[in-house]
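Here's the structure, in structure tokens; my notes come after.
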Amino acid sequence: MAINTIILGIETSCDDTAASIVRNGQVLSNIVSTQSEHALFGGVVPELASRAHQRLIVPVVEQALRDAGISRNQLSAIAVTFGPGLAGSLLVGVSFAKSLAMALGIPVIGINHLDGHIASLMLSDPSPVAPYLCLIVSGGHTQIMHVRQDASRELLGKTRDDAAGEAFDKVAKILGLGFPGGPEIEKISLTGDPNYHRFPRTRLKGYDYSFSGIKTNLLYYLNSFKGDEREELLRKHLPDICASFQEAVIDMLAAPIESALDNLGLQNVGLVGGVSANKSLRDRFVQIAAIRGGVCAVPHIQYSMDNAAMIAVSGFDKFGRNQFSPLTLSAVPSLAFS
Ligand code: KG4
Ligand code: ZN
């Protein structure tokens with residue numbers, strides 16, 4: 001490997017336009033421009049997202065280069081998310097990365113967004129110790145990966161319907177809170193009682209998840225109060241309802257992980273993706289690993305939410321293995337985990 005390997009990472013799979021410069025595995029800059037236009041709609045509007053990426057990609061990449069004190073000509077390769085994600089959003093990042101790589105005469109490296117989230121663990125302290133289970137938990141994904149000692153991976157379980165972050169976002173919308181819902185619910189929960197109302201915990205056989213039931217359950221619970229009674233409930237007990245919902249989601253995320261750890265005789269866990277920004281979830285996972293004599297690795301919050309440093313770090317790893325992509329690389333919205 002060249003002594004100075006400098007990777008530009010680009011991430012545009014959903015509603016964050018992000019670019020990062022990583023030199024020899026060290027993050028020099030990490031720029032994320034979160035598109036605020038979606039907040040009005042309580043969810044990501046694909047057409048608006050791709051237009052915003054188009055507008056933001058050049059300034060965001062330029063800012064990443066400037067912050068790192070790196071010029072374009074010093075780049076060794078460009079790593080870019082090519083799936084899974086929104087087609088129109090991915091296309092902006094992939095087209096931009098290929099064009100710049102072509103102009104500079106350097107390779108492009110296509111990165112699976114989920115590989116990027118797992119790679120964010122390389123930026124965590126402590127680092128994960130393989131073998132471990134990695135929970136990828138975001139607005140689009142809820143998956144358990146078994147990462148073996150030889151770095152090979154196996155998908156153990158995934159959500160059959162909504163992702164955990166999606167449940168936070170949908171419940172926030174029902175409660176009239178802002179988007180994204182996860183941080184809002186976490187903030188309000190701080191003063192709430194997690195035992196105020198017990199929402200049923202969906203637990204499927206094996207290691208799969210389902211989060212559509214809890215959202216409906218919360219809606220039915222609210223609808224069982226009418227008119228003034230409902231207003232009174234929300235006025236007095238919004239923090240309690242948020243905390244009870246959050247506790248239920250955390251229990252549901254923890255249960256399959258705990259049984260998988262015990263069935264496979266593992267102790268270590270990694271927690272990545274936007275929802276892993278949640279402090280109560282982090283605390284629970286630290287506890288789950290500690291009880292078993294293991295360690296829980298969680299990246300710093302700036303690397304848990306969608307970001308390009310995780311894409312650049314994953315690209316740095318592939319660069320060292322000469323795993324480059326052809327310039328025919330295309331966006332694959334439903335890219336499976338390989
Ligand atoms: O990884 P990410 O930035 O984008 C996707 O790939 O989806 O994750 C965004 C998701 C959103 O659903 C958001 O509500 C959730 O992560 N989230 C949280 C928290 N911060 C972000 N959920 C719970 N607690 C948080 N503190
Ligand atoms: Zn993500």
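All values reported here derive from a predicted model rather than from experimental measurement. Every number for a ligand or one of its atoms is a count from 1 in the order of the listing.
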Residue and atom, protein N/O/S, under 2.8 Å of the Zn ion (ligand 2): H113 NE2, H117 NE2, D306 OD1

Qualifying residues under salt bridge (Lys or Arg N to Asp or Glu O under 4.0 Å), relative to R203, sequence neighbours excluded: none

Cationic N near anionic O, under 4.0 Å, E232 to R235: yes

Worked check of side chain to side chain donor-acceptor pair (under 3.5 Å) between R51 and Q54: CA-CA 5 Å; R51 283 172 187 269; Q54 193 80 266; over 6 Å; no

Test item, H117 contacting ligand 1 (heavy atom, 4.0 angstrom): yes

S33 side-chain N/O to T17 backbone N/O, donor-acceptor pair under 3.5 Å: no

Within 6.0 angstrom of R72 CZ, more than 12 heavy atoms from elsewhere: no

Per-atom contacts of ligand 1 with G140, taking only distances under 4.0 Å to non-hydrogen atoms: 7 (O)

F168, any N or O under 3.5 Å of ligand 1 N or O: no

For atom 2 (P) of ligand 1, closest protein heavy-atom neighbour: D306 OD1, 3.4 Å

Which of the ligand 1 atoms, numbered from 1, are nearer than 4.0 Å to a heavy atom of D169: 11 (C), 12 (O), 13 (C), 14 (O)

For M305, the ligand 1 atoms whose distance to one of its heavy atoms is below 4.0 Å: 3 (O), 21 (C)

Distance-only side-chain donor-acceptor flag, S152 / D150, under 3.5 Å: yes

side-chain contact (heavy atoms from CB on, under 4.5 Å) between M145 and I136, intermediate numbers included: CA-CA 8 Å; M145 301 296 303; I136 305 170; 3.9 Å; yes

Polar proximity ligand 1 side, N278 side, N/O cut 3.5 Å exclusive: yes

Numbering as shown, the atoms of ligand 1 that approach E186 to under 4.0 Å (heavy-atom distance): 25 (C), 26 (N)

Proximal ligand 1 atoms for H113, defined as those under 4.0 Å from one of its heavy atoms: 6 (O)

Atoms of ligand 1, numbered as shown, that sit under 4.0 Å from any heavy atom of P180: 13 (C), 14 (O)

Identity and separation of the nearest protein heavy atom to atom 23 (C) of ligand 1: G182 CA, 3.4 Å

Linked, directly or transitively: I257 and V272 (ILVMFWY side chains, under 4.5 Å): no

Q26, CD atom: more than 12 neighbouring heavy atoms under 6.0 Å: no

L155 reachable from F211 in the ILVMFWY side-chain graph, under 4.5 Å edges: no

Aromatic plane relationship, F245 with F199 - under 30° parallel, 30 to 60° tilted, over 60° perpendicular: perpendicular

Under 4.0 Å to a heavy atom of G139 - the qualifying atoms of ligand 1, by number: 5 (C), 7 (O), 8 (O), 9 (C), 10 (C), 12 (O)

Heavy-atom nearest neighbour in the protein, as seen from atom 15 (C) of ligand 1, with distance rounded to 0.1 Å: V275 CG2, 3.8 Å

Protein contact to atom 17 (N) of ligand 1 [nearest heavy atom, distance to 0.1 Å]: G274 O, 3.6 Å

Side chain proximity check, D306 to S13, heavy atoms < 4.5 angstrom: yes

Min N/O separation G165 to ligand 1 under 3.5 Å: yes

Enumerate donor-acceptor pairs with a distance under 3.5 Å from any side-chain N or O in residues 101-111 to protein atoms, sequence neighbours excluded.
none

L219: partners by side chain to side chain contact (heavy atoms under 4.5 Å, CB included), with sequence neighbours left out: I174, N223

Close-contact set for ligand 1 against G181 heavy atoms, below 4.0 Å: 14 (O)

